[in-house]
There are 2 protein chains.
Amino acid sequence: MARRNEHSRDELREMALAAAETLLDQQGSEALSTRKIATAIGYSAGSLYQVFKNYDDLCWQLNQRTLAMLLAALDTDAAQTLNPGAALQRYGQQYLAFATQWPQRWSLLFEHSTPLDLDTPDELEQAITQLFGKIEQPLSQLFTDRSAEQISEAARTLWAGVHGIAVLRAHNKLFQVQGGADAMASTLLERYILGWQQEISA
Amino acid sequence: MARRNEHSRDELREMALAAAETLLDQQGSEALSTRKIATAIGYSAGSLYQVFKNYDDLCWQLNQRTLAMLLAALDTDAAQTLNPGAALQRYGQQYLAFATQWPQRWSLLFEHSTPLDLDTPDELEQAITQLFGKIEQPLSQLFTDRSAEQISEAARTLWAGVHGIAVLRAHNKLFQVQGGADAMASTLLERYILGWQQEISA
DNA sequence: CAATGTAATTAATCGCTGTTTAATAAAGTC
DNA sequence: GACTTTATTAAACAGCGATTAATTACATTG
């Protein structure tokens, strides 16, 4: 068959990733496959290997797009105008909301573990660094007398905490109250900050 | 071939689960398969279906054993003699240590999401409830004037927080400092408790 | 325009997976 | 010893990621 140049390489890549996102959203990561993606865009499965190194590479590129979406979702300029504590609260709520809105994409982002041979792509690591940077900013406003390392560690701790809440909620069954995740993240952030301020004044 | 009754049903089940744990520890959950497990115990893959409903069921039973191990690891009576704050710290460190010692089993416990059709087995839910109970005890000692619901929510929040730290550490690359997880969990617990106490006195 | 070379696309194949089915062999029963 | 029951397996099925050879379309040259 081979209708050549009907789509450019980049077009094919974009079509495949878009189709994969749709399949992922509708059927979950378990049901995702090269054959289904290829069929969805009217190509053969083998053609995907001209655009992706392998299935793992395709997943990384999916995750990269998801991370970009997540960063954009946290990029409301409202965070700039709010006071630092409220900004942190807002980040937490937005993170949980993102995990709710895109459960499958968000889940793939963290369930897809690096298969030991290759390490995390640079662009993914940069996005994660960017994510932590967002949290460090209001934190450094709140704790001006703390070192950059302490701010960085606190940012990672708080993000890990909110992430853990999202993880447990995603795996159902761990919370009886459904609306509890938001409140839990809120108190986690509030009490951590209050406690840290208490440490300093002591 | 069919040498019958060489092993009882329960023996076969035990052999399969033990072999699966070895394979899991050595090669990870991705490499685990019914054929490999069966070969390891000198049986055919089909024989496993007399003891396990399906592969998912086998994973659930693996996870059940892992949860039992985790509960046992947290069952040091030292927690009873320590003051509440130190007991919580100890639980956190022991949880992180468990995730370090059994990375593959611990990972399977949370990566293996329920495939929608069947819900989490009762025995697993009970074990999780037991886990939360352990955390609630020192918390209720620290915060005697709080309601059971508030204690319960705090226990889940703190456990989610420590769990999130373990998750991020397991997926490598998210922390530059390797020994940082312990310190992060420690400060998370300490500052949360301090902050909560501050809330009360206010 | 025709011939050649090149690159895209696919059908077929490989080895793997979980799962089911029919055949087989051993044990229990009368 | 004959018959039933049950454990066990080999074989098959559908699907997976990945590779390969063949085919088809395009581009380039003479």
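Worth knowing before you read on, the calculation uses all heavy atoms, side chains too, and leaves out hydrogens, waters and symmetry mates. Below, chain A is the first sequence line, B the second, and so on; all start at residue 1. On a predicted model such as this, the values are computed, not experimentally measured, just so you know.
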Practice problem: Measure from the ring center of Y95(B) to the ring center of W159(B) and say whether it is less than 6.0 Å. | Solution: yes
Self-check item: N or O in side chain of S44(B) less than 4.0 angstrom from dT8(D) OP1/OP2
Solution: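 For S44(B), the contact criterion (side-chain N or O under 4.0 Å from OP1 or OP2 of dT8(D)) is not met.
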Quiz prompt | Phosphate OP1/OP2 of dT9(C) contacted by Y43(A) side-chain N/O (<4.0 Å) | solution = yes
Send over the distance from [X] [atom1] to [N] [atom2], rounded to a whole Å.
X      : N       : atom1 : atom2 : answer
K36(B) : dG18(C) : NZ    : P     : 9 Å
E11(B) : dA7(D)  : CD    : C1'   : 14 Å
E30(A) : dC16(D) : CD    : C1'   : 12 Å
D56(B) : dT17(C) : CG    : P     : 17 Å
D57(A) : dG17(D) : CG    : P     : 14 Å
K53(B) : dG18(C) : NZ    : C1'   : 14 Å
H7(B)  : dA27(C) : NE2   : P     : 14 Å
L48(B) : dT19(C) : CG    : C1'   : 11 Å

Quiz item: Using a cut-off of 4.0 Å on non-hydrogen atoms, how would the nucleic acid contact of I37(A) be classed: base, sugar-phosphate, or nothing?
Solution: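 Touches nothing.
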Taking only the side-chain heavy atoms of [X] (C-beta and beyond), determine which of [options] contains the nearest atom.
X      : options                  : result
R35(A) : dT9(C), dC16(D), dT8(D)  : dC16(D)
Y49(A) : dT9(D), dG18(C), dA18(D) : dA18(D)
R9(A)  : dA8(C), dG18(C), dT10(C) : dA8(C)

Quiz item: How long is the gap from CG on N63(A) to CG on L58(A), to the nearest 0.5 Å?
Solution: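 N63(A) CG to L58(A) CG: 10.0 Å, rounded to 0.5 Å.
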Quiz item: Mapping T34(B) and S47(A) onto DNA chain C by nearest heavy atom, which one lands closer to the 5' end?
Solution: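 Final value for this comparison: S47(A).
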Quiz item: Can S107(B) and E111(B) be counted as having a side-chain donor-acceptor contact under 3.5 angstrom?
Solution: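 Checked: S107(B)/E111(B) side chains pair up, N/O donor to acceptor below 3.5 Å.
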Quiz item: Taking the six-membered ring for Trp, are F98(B) and W102(B) parallel (under 30°), tilted (30 to 60°) or perpendicular (over 60°)?
Solution: tilted
Self-check item: Criterion side-chain contact (heavy atoms from CB on, under 4.5 Å) against L88(A), the qualifying member of N83(A), L82(A), L142(A)
Solution: L142(A)
